[in-house]
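This one's a predicted model, so the numbers in the text were calculated from it and none came from an experiment.
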Amino acid sequence: MATLEALNAEYAQYTDEFNRLWKEGNKPERLEEMKKRLQELKKQITVAKAADGGAKEAGKKERLLLKTPKGTRDYGPGEMFCREHIERTVKECFILYGGAQLDTPVFERKDILAGKYGEDQKLIFDLEDQGGEQLALRYDHTVPLARYLAMSGGTNTQSKLWQVGKVYRRDNPVMSKGRMREFSQADFDISGQWDTMIPDAEVLSLVCKILTRLEVGDFTVKINHRKILDGIFEVCGVPPARIRPISSAVDKLDKLPWSKVKEEMVVEKGLDEAAADKIGEYVKHKGSRDLLERLLADEQLVVNKSAKAGLDEMVLLFDYLDAYGITGKMSFDMSLARGLDYYTGIIYEAVTEASAPPGLNADATASIPVAPPKPRAKKFVADGEEEIDESTVGVGSIAAGGRYDNLVGLFATAAAGDEKKKAQGLPCVGISIGLDRIFALLWPKWAERGMRTKEVMAFVMSAGDGLLKERMELVQELRDAGISADFLAKRRPKGMNAQFAAGERDEVPFAVIIGGDELKSGIVTVKEQRWQITNGKKTKVESEDKGAQVKRVDLVQHIRSSGVYQLWASGKMIDV
């Protein structure tokens, strides 16, 4: 067995050679071989270190590395307050639109997930064999929902179902942009037989409502239609077997310039260059009804059955978008393709200015004539993956989805065991909200505006003697009335200053003070407290006000009726 010293030397040599070859941009097969060897060496080094450490320091435990797994992170109280606000707002909108909640397991049978995600299949987290079942962590909520509907017989017509939870993808994470291996998504899906494009418009109205309420800033919902896109590919000469791979390449136009996307289609996926150039002429277009009218006037396109069906549906959709008053938020964008295999109709994704990589216009189609940026040398990190420069990556879409009419039927047919006999499908359309990506956008604003980290509304204090039991009783009264309250867990606090300091750490807006005389007369003192941002720092607003005398029986109403309570209860800073 090689020594630890020899393994480290070989690892360093391979790493240097890998980086050199990568910078030269050639010999991809050799790079892949070296990556596998580096991963093997890393495992051998780990074993050798354990053996070497055991020999040198028998009985001494190896130091524990305190860190979260790659692509995951912890969230502190302040961050969780923001995340809870996001999730609560999304759920309220789901309910507002008539949805009912669903929950599915965080892991599925591997064969349920297999073959549903196209080129992203490699990003699924496999689990070891558990009790005879090959399992995998769920990649999204859509496939588990389709499995649930198929298990229900596929007859659950006209349902609106939503679910919120963690999903997992073995991708290279960009933590600062909310792009992780474990992240939260919120899905809303409408299933069943509805009149054409009505549920599709309903979902688009929902996503606009959510993003507006969350105050993410200016956003655009890019929309396209898979039938139109497939028709364009057919008209441009793409063989049927290559339509999905070519669609996956086009979907990268929000991250890469056209020259790189064309190179992938021609060099990697074997498409004729002339066909790629024809596709480029179509996917550069974006607009609204004006684009729809231009496409309807394209004689070569409208004779294609798939494209004509998609265009007719888009005519209906724009009428409904007008009724919802959201047409101005839509961009009919021919570069939008959505890489997942299961989409069959309308597709969409919501983007903001932060969605695109820095230096690449948020409108991906604007990058078509632009030359590709010069490649930057990337570091090769120890786990066998290239290190990503986070400054060159955008947040990506913050919500996305579309229509998938065949997925439930696909499961039902597979379950019947007779591929020749096609089971009845259940049409579905839905949206997935990227909660972590929205958090990446909102958290800096929350921190800048001095948003709270807790929802405690009242801090009960005692003047003079500790009055522990009396403080407990008053805290309980407030809690029973639905007002979040707390107190300093000391029998005899060291004066009022210690109690005020404890309440101020959580920026509690109401100090409720009791004393011996006040208890006898049924009165409490209520002092409102405020904070403000000064020169980028949050400070308490000092006041000479000693507080108001309030009858104890009126305390709850006094707090609830206060403007301070109304503003703080929303989780927002008072003075900004």
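Surrounding NZ of Lys252 are more than 12 heavy atoms belonging to other residues, nucleotides or ligands, all under 6.0 Å away. Within a 6.0 Å radius of NZ in Lys43, other residues, nucleotides and ligands contribute 12 heavy atoms or fewer.
Between Met314 and Ile228 there is a side-chain heavy-atom pair separated by less than 4.5 Å. With contacts defined as side-chain heavy-atom distances shorter than 4.5 Å, the pair Trp446/Glu79 does not qualify. Counting only heavy atoms from C-beta outward, the side chains of Glu504 and Trp531 approach each other to under 4.5 Å. Looking at heavy atoms from C-beta onward, Leu149 lies in side-chain contact with Cys428 at the 4.5 angstrom threshold. Thr142 has its side chain within reach of Tyr342: a pair of non-hydrogen atoms, C-beta onward, lies under 4.5 Å apart. Within the 4.5 Å cutoff, the side chain of His225 has no heavy atoms near those of the Leu317 side chain. Within the 4.5 Å cutoff, the side chain of Pro77 has no heavy atoms near those of the Lys454 side chain.
A donor-acceptor pair is defined here as one N or O able to donate and one able to accept, closer than 3.5 Å; such a pair exists between the side chain of Arg226 and the backbone of Ala337. Here the side chain of Asn224 pairs a donor or acceptor atom with the backbone of Asp333 at under 3.5 angstrom. The backbone N or O of Ile347 sits nowhere less than 3.5 Å from a side-chain atom of Arg338 that would complete a donor-acceptor pair. Side chain of Thr352 to backbone of Phe219: no donor-acceptor contact under 3.5 angstrom is found. Between the side chain of Lys160 and the backbone N or O of Tyr97 there is at least one donor-acceptor pair closer than 3.5 Å. No donor-acceptor distance shorter than 3.5 angstrom exists from the side chain of Glu313 to the backbone of Met197, with no hydrogens or angles considered. Counting only distance, with no hydrogens or angles, the side chain of Lys116 and the backbone of Ile112 share a donor-acceptor pair below 3.5 Å. Remark: side-chain polar atoms of His141 are not paired, donor with acceptor, to backbone N or O of Ser432 under 3.5 angstrom. Although no hydrogens or angles enter the test, the distance criterion places a donor-acceptor pair under 3.5 Å between the side chain of Arg169 and the main chain of Tyr139. No donor-acceptor pair closer than 3.5 Å links the side chain of Ser397 to the backbone N or O of Glu349.
Summarising the geometry of Ser248 relative to Lys269, their closest heavy-atom pair is CB-NZ, 4.1 Å, with the distance given to 0.1 Å.
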Run the side-chain contact (heavy atoms from CB on, under 4.5 Å) test on Met334 and Leu291 for me, step by step, so that the C-alpha distance in whole Å, both residues' side-chain angles and the decisive distance to 0.1 Å come before the verdict. CA-CA 9 Å; Met334 300 305 297; Leu291 174 57; 3.9 Å; yes

side-chain contact (heavy atoms from CB on, under 4.5 Å), that's the test. Do Asp322 and Arg289 meet it? Break it down for me. CA-CA 11 Å; Asp322 288 343; Arg289 283 187 183 272; 2.9 Å; yes

Does the side-chain contact (heavy atoms from CB on, under 4.5 Å) test come out yes or no for Arg479 and Asp486, once each step is laid out? CA-CA 9 Å; Arg479 291 170 177 169; Asp486 208 349; 3.9 Å; yes

One pair to check against side-chain contact (heavy atoms from CB on, under 4.5 Å): Ile438 and Leu211. What are the steps and the verdict? CA-CA 9 Å; Ile438 291 176; Leu211 299 182; 4.1 Å; yes

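By the 6.0 Å and 45° rule, Arg181 does not stack over the aromatic ring of Tyr168.
No option in Leu161, Asp103, Val408 other than Leu161 meets the side chain to side chain contact (heavy atoms under 4.5 Å, CB included) test with Tyr148.
Between Phe188 and Phe94, the two ring planes are tilted [angle within 30° to 60°].
In summary, Glu87 and Lys91 engage in a salt bridge, as defined by a charged side-chain N under 4.0 Å from a carboxylate O. A salt bridge is defined here as a Lys NZ or Arg NE, NH1 or NH2 lying under 4.0 Å from an Asp or Glu carboxylate O, and Arg244 with Asp230 meets this definition. Ionic pairing of Asp436 and Lys166 is not present here: no N-O contact between side-chain nitrogen and carboxylate oxygen is shorter than 4.0 angstrom.
Evaluation of the side chain to side chain donor-acceptor pair (under 3.5 Å) rule for Asp480 yields Gln476 as partners, not counting sequence neighbours. Residues passing the side chain to side chain donor-acceptor pair (under 3.5 Å) test with Arg138 are Thr104, sequence neighbours excluded. The side chain to side chain donor-acceptor pair (under 3.5 Å) check on Glu84 picks up nothing, with sequence neighbours excluded.
For the 3.5 Å distance criterion, the side chains of Asp200 and Tyr320 fail to qualify, holding no donor opposite an acceptor. For Tyr324 and Glu202, the side-chain atoms include at least one donor-acceptor pair closer than 3.5 Å.
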